[in-house]
Amino acid sequence: MPSPDIPQSRNPPPSNRQLLILLGLFISFIVGVIWLLNLLINGLIGLIPPSVEQKLGAVIVPVYEQQAQPSPTQDTLNQLLARLEKQLPPEQSKQRDYRVLYLPEDTVNALALPGDVIVVYAGFLKQVD
């Protein structure tokens, strides 16, 4: 029998099942928010006009241009880009100035920058067949 001097808790501690349910709901909520943000951001990116992209690229691209060096690989990438551009529909290439920058670093990466610039690292090309 409980002692009359010790107050009894009216709220028993949660069970493991209840904690797992709460954790599952929390994780589901976070995943849902991330998914919705992804949809929203991808939808908004399509609304950015090329002129705004090019202005943003004018701020970012010079950092990469300083690292790029003329090379036979850069020439080859430029030739490949020219061949790809010829296959684009006219409406897609209108108001665009696609460029490729080759960075002679061992980083295994490539990225697209605003303003129609693609950066390719030497380490990435070494990994590609």
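Just so you know, residue 1 is the first one in the sequence shown, and it goes up from there. Remember, predicted model here, so these are calculated numbers, not experimental data.
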If two hydrophobic side chains count as joined below 4.5 Å and joins carry through other members, does Tyr64 share a cluster with Leu56? yes

Please report, to 0.1 Å, the donor-acceptor pairs under 3.5 Å made by any side chain of residues 30-38, with sequence neighbours excluded.
| unit_1 | atom_1 | unit_2 | atom_2 | d |
| --- | --- | --- | --- | --- |
| Asn38 | OD1 | Asn42 | ND2 | 3.0 |

With a 4.5 Å heavy-atom cut-off, do Tyr98 and Leu88 have their side chains touching? yes

Determine which pairs satisfy salt bridge (charged side-chain N to carboxylate O under 4.0 Å, His left out) with at least one residue from residues 24-44, sequence neighbours left out, and list them in order. none

When you group the ILVMFWY residues by side-chain heavy-atom contacts below 4.5 Å and let the links chain together, are Ile60 and Leu111 in the same group? yes

When rounded to the nearest 0.5 angstrom, what is the spacing between CD in Glu85 and CG in Asp97? 7.5 Å

dist Asp106:CG -> Gln127:CD (nearest 0.5 Å) comes out at 10.0 Å

Distance (rounded to the nearest 0.5 Å) between Leu101 CG and Gln66 CD: 11.5 Å

Min side-chain heavy-atom separation Glu65-Val117 under 4.5 Å: no

Applying a strict under-4.5 Å side-chain criterion to I, L, V, M, F, W and Y, I'd like to know whether Tyr102 and Val119 cluster together. no

Indicate the atoms forming the closest heavy-atom contact of Pro114 with Val61, along with that distance. O-CG2, 4.1 Å

Quick one: are Leu77 and Ile118 in side-chain contact, heavy atoms under 4.5 Å? no

Is it the case that one hydrophobic cluster holds both Val128 and Val100, taking links as side-chain heavy atoms less than 4.5 Å apart, direct or via other members? yes

Enter the distance from Leu125:CG to Leu103:CG here, rounded to the nearest 0.5 Å. 10.5 Å

Test of understanding: with side chain to side chain donor-acceptor pair (under 3.5 Å), list the residues that count as partners of Gln67, not counting sequence neighbours. none

Show which residues join Leu44 in its hydrophobic cluster (side-chain heavy-atom contacts under 4.5 Å, direct or indirect), or state none. Leu40, Leu47

Hydrophobic clusters join Ile, Leu, Val, Met, Phe, Trp and Tyr when side-chain heavy atoms are under 4.5 Å apart, directly or via other members; which others share one with Leu25? Ile21

Same cluster (ILVMFWY, side-chain, under 4.5 Å), Phe124 and Leu81: yes

For Asn78, check side chain to side chain donor-acceptor pair (under 3.5 Å) against everything at least two apart and list the hits. Gln74

Residues Gly57 and Pro62: closest non-hydrogen pair is O-CD, 3.9 Å

